[in-house]
Amino acid sequence: MAAEVYYQAIGTLQSHSYLNNLNHHQKHQNNLVTLVSRDFISSNGLSTRRSNCTGQRNCSVIRSLASQTSVVDPVLSPSRSNAGDTYKKSNEAALILIRHGESLWNEKNLFTGCVDVPLSKKGIDEAIEAGKRISSIPVDVIFTSALIRAQMTAMLAMTQHRRGKVPIMMHNESEQARSWSQVFSEDTKEQSIPVIASWQLNERMYGELQGLNKQETADRYGKEQVHEWRRSYDIPPPNGESLEMCAERAVAYFRDQIEPQLLSGKNVMISAHGNSLRSIIMYLDKLTSQEVISLELSTGIPMLYIFKEGRFIRRGSPIGPSEAGVYAYTRRLALYKQKLDNMFQ
C-alpha cells in the first residue's frame with residue numbers, strides 16, 4: 001500500500017534537473033500558509049525578533065507570485081454567517097514543519113548532508129503517516145529543500161490530505177522551465193498546491209563526513225570530536241557547514257520568502273531537514289545557540305505553529321488525525337475541518 005502511494009506521488013515530481021542550478025540564488029515569489037491561534041497573546045512580535053544569524057534581509061520587498069498561489073479555496077472562504085465574518089477577520093494562518101522521513105542513508109547510519117538520497121521504505125511509511133496527521137489542516141503552498149527526500153515526504157504527505165488537491169512542483173530556474181510547466185486551466189489551478197524547492201532549505205553540508213559511517217567516523221576521529229562537529233553551534237566539520245552557517249541561509253530564506261506569505265494569510269507547509277528546520281525553529285521560538293543544539297527532531301513528525309498578527313506560537317505535534325481538533329484547532333481551523341467533514345460525509 002505504501003509503495004503504491006509512493007509511485008503515484010513520485011510521478012508528480014517533475015524533471016529533477018533543476019537541482020543542478022543551485023548556484024542561482026533565486027527569489028521565489030511564493031504564497032505562504034500560516035496557522036494562527038485566535039487567543040494567542042505574546043509580548044514579542046516579529047518586528048522585534050532577531051536570530052543569531054547574519055545576512056538577514058528586508059521582507060518588505062518580497063511580492064507574491066499571484067498567478068501561482070492566489071486561488072481562493074472555497075473551503076477556506078468565509079460564509080455569510082457571523083461565524084464566517086469572525087473567521088474572515090481573524091486573518092489566521094497555519095505553519096506546518098516536517099522533517100523528511102527516514103532516508104536510505106539514515107537507515108545505514110551514514111552522514112548524508114547535501115547528498116541527494118531518497119527515502120527508505122520506513123521513510124515512505126513515515127511520510128504517509130505524517131500526511132494523515134495533518135489531513136484536516138489547510139495547506140495553500142509547500143516549500144521544500146532541493147533534495148529528493150524532502151520532496152518525496154511533501155508529496156507523499158499530501159496524498160493523505162482530505163482536500164484532495166494535487167501538489168505541483170514550480171520550476172522557476174529558467175524562463176523556458178516556467179513556460180513549459182504552465183497550467184492553463186483555472187479549474188485545475190484551483191485543485192493544485194504550488195511546491196517551491198529551494199537549496200537554502202537543504203540539510204547542513206557535512207563536508208568530508210558525507211557518506212561516512214557515523215560509528216566508524218567516531219572510531220577514527222574520536223567520539224568527542226565527532227560530537228563537537230555534530231552538536232556544536234559554530235564549529236563545522238572539515239570543509240563543511242556549522243549549524244550557524246546553515247541557519248544563516250535557512251532563516252534568511254524563511255524571512256524573505258516564507259514569512260511574507262504567512263503575513264498575507266496563506267497556510268504553509270515546509271518539508272525540510274533536521275538542521276535547516278532546527279534553524280527555523282530557533283528563529284520562531286527565539287532560542288539561544290545553546291538551546292538549539294539540544295533540539296532533536298524526529299523523522300516524519302509534523303510540528304504545527306499558529307501565526308497571527310505577526311506572532312508565532314508552537315502547538316506541538318499531532319498524535320493522530322483526530323488529535324488536531326483537540327490540541328490545536330483555533331476557531332478558523334475548526335470551521336475548516338467542519339466544512340471538510342460536511343463535504344465528505
Side-chain angles (χ1 to χ4, degrees), residues 9-10 12-28 30 32-33 53 95-106 110-120 123-124 126-127 130-131 139 141-158 167-173 177 193-207 210 240-243 245-259 261 268-284 295 297-303:
I10 202 65
T12 66
L13 287 170
Q14 300 174 1
S15 172
H16 208 57
S17 61
Y18 74 98
L19 297 181
N20 296 324
N21 298 318
L22 298 185
N23 58 318
H24 296 286
H25 296 191
Q26 302 164 324
K27 291 199 170 186
H28 302 291
N30 311 321
L32 305 178
V33 183
C53 309
L95 175 63
I96 303 167
L97 308 179
I98 303 179
R99 182 187 174 193
H100 64 81
E102 181 193 70
S103 75
L104 288 171
W105 277 15
N106 291 146
L110 305 181
F111 284 103
T112 309
C114 286
V115 180
D116 209 359
V117 178
L119 298 180
S120 66
I124 292 171
E126 287 177 335
V139 177
V141 62
I142 299 170
F143 289 87
T144 79
S145 76
L147 301 175
I148 190 67
R149 58 191 184 272
Q151 295 178 18
M152 288 175 69
T153 298
M155 295 296 192
L156 288 164
M158 291 311 296
I168 298 179
M169 295 296 301
M170 297 291 102
H171 288 280
N172 295 320
E173 62 272 17
I193 298 176
V195 182
I196 295 97
S198 172
W199 70 269
Q200 288 95 330
L201 296 176
N202 280 9
E203 178 58 288
R204 171 185 170 193
M205 203 277 278
Y206 269 101
Q210 292 184 168
E241 283 186 309
S242 64
L243 177 56
M245 296 161 70
C246 176
E248 180 176 345
R249 58 173 164 84
V251 173
Y253 184 82
F254 182 89
R255 288 171 59 88
D256 282 0
Q257 306 295 335
I258 301 175
E259 197 169 297
Q261 304 302 323
V268 178
M269 183 173 85
I270 303 175
S271 177
H273 307 267
N275 284 296
S276 54
L277 289 176
R278 287 165 72 203
S279 301
I280 291 171
I281 291 170
M282 178 182 180
Y283 171 69
L284 299 179
L295 179 63
L297 301 179
S298 300
T299 55
I301 302 297
M303 290 186 60

Margin query: Pair Arg149, His273 - check side-chain contact (heavy atoms from CB on, under 4.5 Å), show working.
Written below: CA-CA 9 Å; Arg149 58 191 184 272; His273 307 267; 3.6 Å; yes
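- Checked by atom type and distance alone, the side chain of Arg278 never pairs as donor or acceptor with a backbone atom of Leu297 at under 3.5 Å.
- Proximity of a side-chain donor or acceptor of Ser120 to a complementary backbone N or O of Gly123 within less than 3.5 Å is detected.
- In terms of modelled atom types and a separation under 3.5 Å, the side chain of Gln210 and the main chain of Cys114 share a donor-acceptor contact.
- Look at Glu241 and Arg249 and you find a salt bridge, because one of the NZ, NE, NH1 or NH2 atoms lies within 4.0 Å of a carboxylate O, short of that distance.
- Panel note: side chain Glu126, backbone Glu102; a donor-acceptor pair is recorded below 3.5 Å.
- Inter-residue side-chain proximity for Leu156 and Leu119 is flagged as met; some heavy-atom pair is nearer than 4.5 Å.
- When each of Leu97, Ile96, Thr153, Leu201 is paired with Ser271, the side chain to side chain contact (heavy atoms under 4.5 Å, CB included) condition holds for Thr153 and for no other.
- Rounding to the nearest 0.5 angstrom, the gap separating the CZ atom in Arg99 from the OG atom in Ser276 is 9.5 Å.
- Side-chain contact check for Asn106 versus His100: some heavy-atom pair is nearer than 4.5 Å.
- At least one donor-acceptor pair under 3.5 Å links the side chain of Asp116 to the backbone N or O of Ile148.
- Pairing each heavy atom of Asn202 with each of Ala146, the nearest pair is OD1-N, 2.9 Å.
- Between the side chain of Gln257 and the main chain of Tyr253, no donor-acceptor pair closer than 3.5 Å is present.
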Notebook entry, point to check: Between Met282 and Leu243, is a side-chain contact (heavy atoms from CB on, under 4.5 Å) present by the stated rule, with each step listed?
Noted result: CA-CA 11 Å; Met282 178 182 180; Leu243 177 56; over 6 Å; no
